[in-house]
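Read the structure below first, then the notes.
Model, not experiment: these values are computed from the prediction. In what follows, chains carry the letters A, B, and so on, assigned in the order in which the sequence lines appear, proteins first and then strands, with residues in each chain numbered from 1. Atoms considered below: every heavy atom in the structure, side chains included; atoms not considered: hydrogens, waters and symmetry mates.
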Amino acid sequence: MKSAVQTGSHYITGDVACAEGAIAAGCRFFGAYPITPATEIAEHMAERLPDVGGTFIQMEDEIAAIASILGASWTGTKTMTATSGPGFSLMMENLGLGVCTETPCVIVNVQRTGPSTGLPTQTGQGDMMQARWGSHGDYELIAIAPSSPQDCFYHTILAFNLSEKYRVPVLVMADEIVGHMSEKVIIPDAKEIQLIERPKPKGRKDRFKLYEPGPNGVAPMPAIGDGYNVHVTGLTHDERGYPAMTVEAQEEMMTRIKGKIRDNLDDIVHTEEYMMDDADIVIVSYGISVRTGLTAVDEARKLGYKAGLLRLITVWPFPEQMIHDIAARVKGLITVEINLGQVHYEVERCAKGQASTHLVGSAGGKIIHPDKVVSLIKEVFQP
Amino acid sequence: MTKNPKQIGSKQPSHPLDDLIRTDRIPHIWCPGCGIGTVFSSCLTAIKATEIPYNEFTMVSGIGCSARGAGYIKLDSFHTTHGRAIPFASGIKMAKPDLNVIVFSGDGDLFAIGGNHFIHAARRNMDITVICVNNLNYGMTGGQVAATTPSRAKTTTTPFGNPDSPFNLPLLAYASGASYVARWTILHVRDLTNAINEAIRKKGFSFIEVLAPCPINYGRRNKEKSLDTMKLYQEKTIIKNGADPGRADIDFERGVILGTFVDTDRSTCDDMYEVTCRQCSED
Ligand SMILES: Cc1ncc(C[n+]2csc(CCOP(=O)(O)OP(=O)(O)O)c2C)c(N)n1
Ligand code: SF4
Ligand SMILES: [Mg+2]
């Protein structure tokens, strides 16, 4: 067997870095269906997984791909799939099954421009709201947006850790540029990578209840064959996991599966700041568009503006309080994203009118030029 | 792995299958006269008869009346989404090949919305056992036409009779590459139980179609009481092992063939992965 962690300095694409991050995180089952620009993740997993005792399977479609990783997860295995827009759409029903049954797994969406087949090999960030609300019903999940191949490595590990800890599907919302560009990626020593494993039940099997929450609101999860005889269903269920067709059971279940995320925001929400200390104009961005934002901050600073950048590493759950607090002390918030306004409206919602909110978006296909952000700043604000 | 619980002393169950039933979930949802319960108990009897420890089994279902099976069996069991039991089960099998994975679901679930998954799992010879309760319609949603509904039959969405033709399921399974293919009815409980037992022990993709009445939604609209259906199962079936699956279409006027259509050996998906991918990658 080859080593799971390919320690060293590499010059690789974001897709490959994502696959390496998954393997380093302990992913040992990957089921997927090819689609540009995510295919290279599958290709790399196909080559690498047998090396480390894992399993790769190319399923017949993306519905099967996500179903296979949910099933495999219940054997106690860390699992992942990777896709892009059209495949992501096909996964939506079973994403909800993953949320409802609290099945850890990681779903990578290397976004391209939609709607429909769109611009198949060109970038986009138009699936952000679908990531949040694409499956029917109300729910919480976690979505992470990498900005570079190096991020793809670490953020995939972060995705696995959060998924295992909170028993929730975690989405890695990359995009075509991040997925296809090659950059230096440092893979550290295995012992420097901290991994989190899903909580396991202890105690008497006959008293075990599948969804009885532990201290952080997350229930321990047995694997198939452990002898707990679990019943897992996408129907509304009680603590035993048994179908319970009442409004009370629905309320209880929803309170818990939302609560385990909402009550742990401090642990889950990851952001980064650039030049934020004295900033009164704040660019909010995520994924590839962070690079636009960083250059725009530098350019605006040269022109005498006190610009700063808030980078959302986790886009969902949304850092509501943080945006609210920033809005209270700044003049304006500018969201930069490769769509025609998705996260922008979240920023607007959380700013609650305390600061002006602006969108620098695009219909997709390429990264947004920093000049577009700078000209908006010049148009709206005084240095 | 633990041993199956012995039925001794004061804890003796009141029914020989109680150790495999979630008795705390009874009463079940199935209507009086429904055939699903018979298929379900045959399945439990067959599991028991294999003498394989229960924690080496798992059951996966889709959505439908038949798919509620997973909710009543006392094994690690999964009630998934409509049509997706097979790929969910495939993930389990490939991640942990020593498990015996049984898919228990309906004809609509497995052959309409889930049809693509069925043919691909059979093609790969995924080592799972698929039991299809074929009641010729969508029972759960109130009796709509299915991919198995006979031509001309009345359902809520074919009020003038079904203009389409049904699948011949054994032929489809055979053509897709299944290792074991059989068909029985709920009247043939002993044969059915033996077939499920055989299918579980068979390495490779095993498929059993079980004809079962849905008196409430299908029978009622086609003037067929449960007892009439049972009479058909008795009088209009021909037991013929090794029959040509090409002749297995369901035509009660001509006679419906029951028995084992296919029983062959071919490398399974997990074995092939081991040999082709794991051992090669070590070179
Ligand atoms: C994606 C999706 N589409 C439709 C349904 C509604 N639905 C539930 S069960 C069912 C048909 C079940 O038929 P079958 O598999 O034959 O099971 P039976 O009830 O006859 O045992 C349908 C269409 C659903 N649950 N999910
Ligand atoms: S509707 Fe039909 S299939 Fe469903 S439980 Fe009733 S009789 Fe059985
Ligand atoms: Mg049916």
Item to check | NZ or CZ of A/Lys205 within 45° of A/Tyr228 ring axis and under 6.0 Å | outcome: yes
Next on the checklist: For B/Arg124, which atoms come within 4.5 Å of any heavy atom of chain A: side chain, backbone, both, or neither?
Outcome noted: side chain
Next on the checklist: Please classify the contact between A/Arg240 and chain B as side chain, backbone, both or neither, with a heavy-atom cut-off of under 4.5 Å.
Outcome noted: side chain
Item to check | For chain B, the option from A/Arg48, A/Met59, A/Arg28 that forms the most heavy-atom pairs under 4.5 Å | outcome: A/Met59
Item to check | Side chain, backbone, both or neither of B/Ala70 within contact of chain A (heavy atoms, under 4.5 Å) | outcome: both
Item to check | Side chain / backbone / both / neither for B/Phe78 at chain A, heavy atoms under 4.5 Å | outcome: both
Next on the checklist: Could you walk me through whether B/Tyr138 and B/Asn217 satisfy the side-chain hydrogen bond (donor to acceptor under 3.5 Å, both in side chains) test, starting with their C-alpha distance in whole Å, then the side-chain angles of each, then the deciding distance to 0.1 Å, before giving a yes or no?
Outcome noted: CA-CA 8 Å; B/Tyr138 291 1; B/Asn217 281 319; over 6 Å; no
Item to check | Euclidean distance, A/Leu210 CG relative to A/Glu212 CD, rounded to 0.5 Å | outcome: 10.5 Å
Item to check | Pick from A/Thr233, A/Val230, A/Thr75, A/Thr79 with the largest number of heavy-atom pairs that fall under 4.5 Å of chain B | outcome: A/Val230
Next on the checklist: Heavy-atom cut-off 4.5 Å, strictly under: side chain, backbone, both or neither for A/Ile57 against chain B?
Outcome noted: side chain
Item to check | Proximity breakdown for A/Leu70 and chain B, heavy-atom pairs closer than 4.5 Å | outcome: both
Checklist entry - What part of A/Ala223 gets closer than 4.5 Å to chain B, counting heavy atoms only: side chain, backbone, both or neither? => result backbone
Checklist entry - Is chain B contacted by the side chain of A/Thr77, its backbone, both, or neither, given a heavy-atom distance below 4.5 Å? => result side chain
Item to check | Enclosure of A/Glu252 CD (heavy-atom neighbours >12, cutoff 6.0 Å) | outcome: no
Checklist entry - Parallel, tilted or perpendicular: which fits the ring planes of B/Phe118 and B/Phe205, with parallel below 30° and perpendicular above 60°? => result perpendicular
Checklist entry - Is any NZ, NE, NH1 or NH2 atom of the basic residue among B/Arg84 and B/Asp109 found under 4.0 Å from an Asp or Glu carboxylate oxygen of the other? => result no
